[in-house]
Amino acid sequence: MAQTIFIPKETDPVEPRVAASPETVKKLIGLGFSVVVEKGAGTLSRIPDSEFDAAGAKIGSATDAKSADVILKVRRPSLSELKSYKKGAALIAMLDPYGDDATVRAYADAGLSSFTMEFMPRITRAQVMDVLSSQANLAGYQAVIDAAAEYGRALPMMMTAAGTVPAAKVFVMGAGVAGLQAIATARRLGAVVTATDVRPAAKEQVASLGGKFIAVEDEEFKAAETAGGYAKEMSREYQAKQAALVADHIAKQDIVITTALIPGRPAPRLVTKEMLAAMRPGSVVVDLAVERGGNVEGAQPGKVVEIGGVKIVGHLNVPGRIAATASQLYARNLFAFIETLTDKDSKALKINLDDELVKATLLTHDGSVVHPAFAQAAAASAAEPAAMKPAEKPVRKAPARKTKADTPKTGGEA
Ligand SMILES: NC(=O)c1ccc[n+]([C@@H]2O[C@H](COP(=O)([O-])OP(=O)(O)OC[C@H]3O[C@@H](n4cnc5c(N)ncnc54)[C@H](O)[C@@H]3O)[C@@H](O)[C@H]2O)c1
């Protein structure tokens, strides 16, 4: 009998995405699975039940989780959801496990093979499964759309019979996946774009998108990239030089989009209240790092605030603001991973513990915590008195998002 894949409706109120699309449902059925989608799971991603039905899925309810062999989710399940899963089932989602060993232990105690997609190594083979990139890319795009909506003026230069409107000046801070997409999007909308980053490799990428690169290019800058391609935390001296450069530049900008993150550290503070005070009233600042401590002083998670006439946008779950596209890409990332896990002969999931993608993403298996980043904590907690066992502590309801930096670098750069 075919194994069943279940796609529940996300229970976290801030999550409009869904872990499958009609396209991936068809492909999952093509691999030999039967697929059940919870009623209304795609509604907030603009996918009606009828489209999942037409793709071959059965439309079910939350209770279908009980008989599923594989559960696909966007966010981690709540404790009550977890209790409804079948022992031995595979759970594939962005489980956001860092800082929460108790929840990882709970997956093991529930007998789940739990995979966390954010840990997918950034190697060529796994690019199609890279949820961080697919979602950050959309966040970069959406940041520009949100900024343009708040700006209330046109972005491109316009020469009209009534006179000329100048192009908006957009400054992007942090030119990783999100920042590069923000640069491309602002350029498409006709803005004059400048960008900064601490990684020298970003200079050429910014230029290739038509942006002008601005940075303190000293000796420290030349060595600011880790072997994994991420930024290092910069010295106080560098930060001071960077702040002086930014302060001067930012005062002339109409829109600032910040995306800067550092592995294992809180987001760097790049825009101070003094810098905001130097900006023209009516300018807009979007802080994409707000969920990880924020790049902008005064930015508030989930809010648009105004300081001295400058709007500071701190939306949460920015990929979720473009949920239909975010779900489509996330679903493809998951499908690509499931395809590699599926045994062609038995048409069932077969977890090869020697596969580097499995090693990097598998948190728990056969009742144990198997991921090296959590196994030690799990062993220590097993020695605690029964009343203290983490599995009995409640699962966090709305976890803080893991910093990218926490992602173990299990593979090399592509
Ligand atoms: N090979 C692959 O499949 C793959 C996929 C995605 C990303 N990458 C690479 O990984 C790297 C990181 O990308 P990411 O988007 O995940 O990064 P990220 O989300 O960790 O950080 C965003 C950006 O902020 C920058 N930053 C940090 N501190 C800063 C500061 N003080 N001032 C200005 N900028 C600062 C970082 O250098 C980075 O470019 C890039 O080199 C990217 O090309 C590779």
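For ligands, and for the atoms within them, numbers begin at 1 and follow the listed sequence. All residue numbers in this chain count up from 1 along the given sequence. Since the structure is predicted, the reported quantities are computational estimates derived from the model, not experimental observations.
Shown in contact with S133 at under 4.0 Å from a heavy atom are these atoms of ligand 1, numbered in order with element: 5 (C), 6 (C). Atoms of ligand 1 found under 4.0 Å from any heavy atom of I262, numbered from 1 in the order shown, are 28 (N). Close contacts of ligand 1 with Y230, meaning ligand atoms under 4.0 Å from a residue heavy atom, involve 12 (C), 16 (O), 20 (O). Applying the 4.0 Å criterion to heavy atoms of P268 picks out, from ligand 1, the atoms 28 (N), 31 (N). Taking every heavy atom of A231 and a limit of under 4.0 angstrom, the matching atoms of ligand 1 come to 27 (C), 36 (C), 37 (O). Within the listing of ligand 1, atoms 1 (N), 2 (C), 3 (O) sit less than 4.0 angstrom from a heavy atom of Q127.
Around NZ of K87, the count of heavy atoms belonging to other residues, nucleotides or ligands within 6.0 Å does not exceed 12. No more than 12 heavy-atom neighbours from other residues, nucleotides or ligands sit within 6.0 angstrom of CD on Q376.
With a 4.0 Å heavy-atom cut-off, ligand 1 is reached by the backbone of A175 but not by any atom from C-beta on. When heavy-atom distances to ligand 1 are checked against a 4.0 Å cut-off, L132 has no atom that comes that close, whether in backbone or side chain. Counting heavy atoms closer than 4.0 Å to ligand 1, residue D130 contributes side-chain atoms (C-beta onward) but none from N, CA, C or O. When heavy-atom distances to ligand 1 are checked against a 4.0 Å cut-off, V198 comes that close through both its backbone and its side chain. Using a 4.0 Å cut-off between heavy atoms, A260 contacts ligand 1 through both its backbone and its side chain. Proximity of R122 to ligand 1, defined as any heavy-atom pair under 4.0 Å, is shared by backbone and side chain alike.
Between the side chain of E15 and the main chain of D12, no donor-acceptor pair closer than 3.5 Å is present.
Side-chain atoms of R188 and Y141 form no donor-acceptor pair, as typed in the model, at a separation below 3.5 Å. No side-chain N or O of R105 forms a donor-acceptor pair with one of T364 less than 3.5 Å apart. Using modelled atom types and a 3.5 Å distance limit, the side chains of E220 and S235 yield a donor-acceptor pair. When only modelled atom types and interatomic distance are considered, Q253 and S283 share no side-chain donor-acceptor pair under 3.5 Å.
E118 places a side-chain heavy atom less than 4.5 Å from the side chain of D96.
At a 3.5 angstrom cut-off on N or O pairs, M234 does not count as close to ligand 1. For ligand 1, the polar-atom distance check finds an N/O of D197 within less than 3.5 Å of one of the ligand's N/O atoms. Of the N or O atoms in Q242, one or more lie within a sub-3.5 Å distance of an N or O in ligand 1.
Looking at K169, K311, R153, R280 one by one, the single match for salt bridge (charged side-chain N to carboxylate O under 4.0 Å, His left out) with D254 turns out to be R280. Each of E291, R17, Q135 was evaluated against N317; a single residue qualifies, R17, per the side chain to side chain donor-acceptor pair (under 3.5 Å) test.
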